[in-house]
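To keep things clear, I will list the structure first and then write my remarks on it.
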Amino acid sequence: MAMMLQRKLLRRTFGEGKAILNFNSNPVLSPCTSFSTVTSAAATPFHNAPRQLPPFDYQPKPYNGPSADQILEKRKKFLGPSLFYYYQKPLNIVEGKMQYLYDENGRRYLDAFAGIVTVSCGHCHPEVLNAITEQNKLLQHATTIYLHHAIADFAEALASKMPGNLKVVYFVNSGSEANELAMLMARLYSGNLGMISLRNAYHGGSSSTIGLTALNTWKYPIPEGEIHHVINPDPFRGVFGSDATRYAKDVQDHIEYGTSGKVAGFIAETIQGVGGAVELAPGYLKQVYDIVHKAGGVCIADEVQTGFGRTGSHYWGFETQGVIPDIVTMAKGMGNGLPLGAVVTTPEIANVMAQKIQFNTFGGNPVCSAGGLAVLRVIDKEKRQAHCADVGSHLIGRLRSLQDKHDIIGDVRGRGLMVGVELVTDRKEKTPAKAKTAILFENMRELGVLLGKGGLHGNVFRIKPPMCFTKDDADYLVDALDYAMSKL
């Protein structure tokens with residue numbers, strides 16, 4: 001009888017979700033390990049669980065499609081085995097509205113990962129939806145061999161957001177494509193081949209950008225060609241702490257000892273995303289950009305995750321380091337879920353691409369361009385950058401208070417709504433808490449919060465929600481994390 005009452009309480013408080021799972025196993029998971037491999041014991045009921053999700057005035061439509069089990073069976077049969085999914089029992093997400101997602105049973109979840117940092121304005125934002133729908137009615141596709149105002153309008157709006165002489169836009173379909181094109185530009189413009197990237201970086205999974213990526217979990221054993229990885233300027237785990245000068249000297253040393261003395265370019269995220277929300281040591285990029293320019297190279301800022309106001313303090317992540325790159329790459333949030341990426345560079349660098357035909361079939365597609373322009377307008381109209389600064393400051397403050405309470409939290413870092421929480425078993429040794437992270441990851445889902453996970457050892461919670469995320473949402477997330485950690 002007592003158990004029946006507890007289950008009723010659970011359903012009343014958290015919808016139709018199951019109780020928190022109590023894991024007996026000690027799984028070691030990489031960032032791309034399927035959570036279906038984690039074994040669990042019987043579920044245990046909530047006691048003194050945190051309050052309900054913040055109120056939200058939206059009713060999801062009834063779902064009559066195939067079940068999660070049916071979809072998973074078909075996926076295993078027809079999709080590549082390299083695909084992974086989150087959670088022991090993967091979620092069948094059927095609807096989204098702003099910062100919330102709904103599963104096949106109508107249960108609401110707080111989306112704190114935004115489709116892997118892609119949904120900027122919010123799921124199904126009405127103004128973005130309207131722009132896409134209206135353009136779809138008129139013309140879905142024509143390519144750049146004909147004129148269409150949408151691509152020109154979008155390029156103009158995007159260029160207006162860039163500092164310096166970054167005024168020429170190339171549209172592509174993803175961050176990987178953008179970084180691949182940027183690397184090609186750097187090599188053609190400089191006349192050199194060697195590219196420098198950071199350890200712990202992620203710049204894509206295509207056959208070329210996989211070389212720029214420096215996390216073994218994402219790399220296949222294929223030729224990568226003239227790509228060098230330097231020491232990561234990580235204030236938490238880096239060998240030089242926050243000393244940007246010593247990290248920059250490693251770049252200089254590498255150019256002098258590991259190259260001909262000339263390089264094509266240097267690429268870096270300002271806050272490493274897949275690597276676990278690692279913000280570069282303050283002042284690092286300014287010193288490195290100077291070193292790279294003297295070696296004949298160009299400097300590329302990967303803004304795939306940090307762009308469009310997400311950091312709060314600035315519109316672009318590279319601005320937090322006081323630099324202006326030669327090339328900027330972007331994707332994800334610029335389309336709010338549309339397959340949309342871009343490279344923005346100077347007219348001088350852009351001219352090298354005119355040696356041959358440079359063309360992208362879907363780059364600048366009218367529907368994606370209309371949607372992308374709507375995203376820029378919504379971010380401005382709704383003052384999302386300032387919102388990210390305000391809510392992000394509140395979130396980080398509460399997480400740091402939680403760090404004082406729970407020893408498992410080794411580091412809280414990030415800016416705005418691009419936040420990382422690194423979990424350790426020993427704060428002094430900074431030993432990754434791989435198994436406990438997996439447990440908490442599942443338990444947070446049971447509490448209605450969907451997080452991301454990153455870092456080489458999969459021990460960093462990536463909190464990067466849609467930019468409409470509120471302080472009430474932040475409070476619920478932290479309360480849920482506090483509760484889940486107290487039950488470990």
Side-chain angles (χ1 to χ4, degrees), residues 21 23-40 82-88 112-113 116-117 197-205 210 212-221 229-242 247 268-269 271-281 305 399-400 402-403 406-414 418-445 449-464 481 484-485 488:
L21 299 176
F23 295 81
N24 290 328
S25 62
N26 248 352
V28 178
L29 299 178
S30 76
C32 55
T33 301
S34 168
F35 281 81
S36 61
T37 61
V38 183
T39 57
S40 67
S82 60
L83 289 180
F84 64 97
Y85 52 82
Y86 276 172
Y87 308 114
Q88 291 177 294
F113 200 28
I116 315 184
V117 208
S197 179
L198 298 176
R199 296 175 189 174
N200 200 54
Y202 181 87
H203 295 292
I210 205 171
L212 297 173
T213 293
L215 291 158
N216 75 77
T217 43
W218 299 91
K219 292 168 75 72
Y220 293 95
H229 295 103
V230 294
I231 295 174
N232 197 41
D234 179 350
F236 180 64
R237 289 192 173 274
V239 292
F240 303 133
S242 296
Y247 290 118
E269 307 155 270
I271 301 177
Q272 293 173 331
V274 174
V278 176
E279 187 169 10
L280 309 185
Q305 294 193 26
L399 287 169
R400 286 184 175 151
L402 199 64
Q403 184 179 10
H406 296 286
D407 288 342
I408 191 174
I409 301 179
D411 193 32
V412 174
R413 54 185 180 248
M418 188 160 183
V419 179
V421 178
E422 181 156 354
L423 306 183
V424 297
T425 57
D426 184 307
R427 281 189 175 178
K428 183 179 179 181
E429 298 298 325
K430 301 178 183 177
T431 310
K434 294 177 281 191
K436 288 184 177 179
T437 303
I439 295 169
L440 288 169
F441 194 75
E442 291 281 350
N443 291 354
M444 288 296 285
R445 174 261 178 113
V449 181
L450 306 182
L451 298 168
K453 194 168 73 74
L456 181 63
H457 304 288
N459 67 312
V460 182
F461 284 144
R462 298 169 64 191
I463 304 173
K464 304 167 185 182
L481 193 56
M485 287 179 171
L488 282 175

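Hydrogens, waters and symmetry mates play no part in the numbers below; they use all other heavy atoms, side chains included. One is the number of the first residue; the rest follow in order along the sequence.
Using a 4.5 Å heavy-atom cutoff, the side chains of Leu456 and Asn216 are in contact.
A side-chain donor-acceptor contact under 3.5 Å links Tyr247 to the backbone of Phe240. Looking at Gln403, its side chain does come within 3.5 Å of a backbone N or O of Gly410 through a donor-acceptor pair. Lys464 contributes no side-chain N or O that, together with a main-chain N or O of Ile116, makes up a donor-acceptor pair within less than 3.5 Å. Side chain of Asn459 to backbone of Leu423: a donor-acceptor contact under 3.5 angstrom is found. The main-chain N or O of Gly204 is found under 3.5 Å from a side-chain atom of Thr213 such that the two form a donor-acceptor pair.
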Practice item. Begin with the C-alpha distance, continue with both residues' side-chain angles, and end with the deciding distance and a verdict on side chain to side chain contact (heavy atoms under 4.5 Å, CB included) for Phe236 and Val278. Key: CA-CA 8 Å; Phe236 180 64; Val278 176; over 6 Å; no
Check your understanding: Between Val424 and Asp411, is a side chain to side chain contact (heavy atoms under 4.5 Å, CB included) present by the stated rule, with each step listed?
Key -> CA-CA 9 Å; Val424 297; Asp411 193 32; over 6 Å; no
Exercise for review: Starting from the C-alpha separation in whole Å, work towards a yes-or-no answer on side chain to side chain contact (heavy atoms under 4.5 Å, CB included) for His406 and Leu481.
Suggested key: CA-CA 10 Å; His406 296 286; Leu481 193 56; over 6 Å; no
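Here the shortest heavy-atom pairing between Val449 and Ala112 reads CG1-CB, 4.4 Å. In terms of heavy atoms, Leu280 sits closest to Glu269 at CD1-O, 3.3 Å. The shortest non-hydrogen separation linking Asp426 to Lys428 is OD1-N, 2.9 Å. Here the closest non-hydrogen pair linking Asp407 and Arg427 is O-NE, 3.1 Å. Nearest approach of Ala281 to Ser242, heavy atoms of both residues: CB-O, 3.8 Å. Residue Gln272 comes nearest to Asn232 through the heavy atom pair NE2-OD1, 2.8 Å, listed as atom of the first residue, atom of the second, then distance.
Rounding to the nearest 0.5 angstrom, the gap separating the CD1 atom in Ile439 from the CG atom in Leu488 is 6.0 Å. Here Phe113 contributes atom CZ and Ile463 contributes atom CD1; the two are 11.0 Å apart, rounded to the nearest 0.5 Å. Atom-to-atom distance recorded for Asn443:CG and Lys436:NZ is 12.5 Å, nearest 0.5 angstrom. Put simply, CE on Met444 and CG on Leu450 are 9.5 Å apart, with the number rounded to the nearest 0.5 Å. The CZ atom of Arg237 sits 7.0 Å away from atom NZ of Lys430, with the distance rounded to the nearest 0.5 Å.
Residues satisfying the side chain to side chain contact (heavy atoms under 4.5 Å, CB included) criterion with Ala214, sequence neighbours excluded, are His229. Scored by the salt bridge (Lys or Arg N to Asp or Glu O under 4.0 Å) test, Glu279 finds Arg415 as partners (sequence neighbours excluded).
Residue Arg462 is tested with Leu451, Val274, Val419 for a side-chain contact (heavy atoms from CB on, under 4.5 Å); the sole match is Val274. Here the options are Val460, Ile271, Leu399, the test is side-chain contact (heavy atoms from CB on, under 4.5 Å), and the partner is Arg413; only Val460 passes.
With a 6.0 Å cutoff to the six-membered ring centre and a 45° limit on the axis angle, Lys453 does not count as a cation-pi contact of Tyr86.
Between Phe441 and Phe461, the ring planes are parallel. Angles under 30° get that label, and only those over 60° would be called perpendicular.
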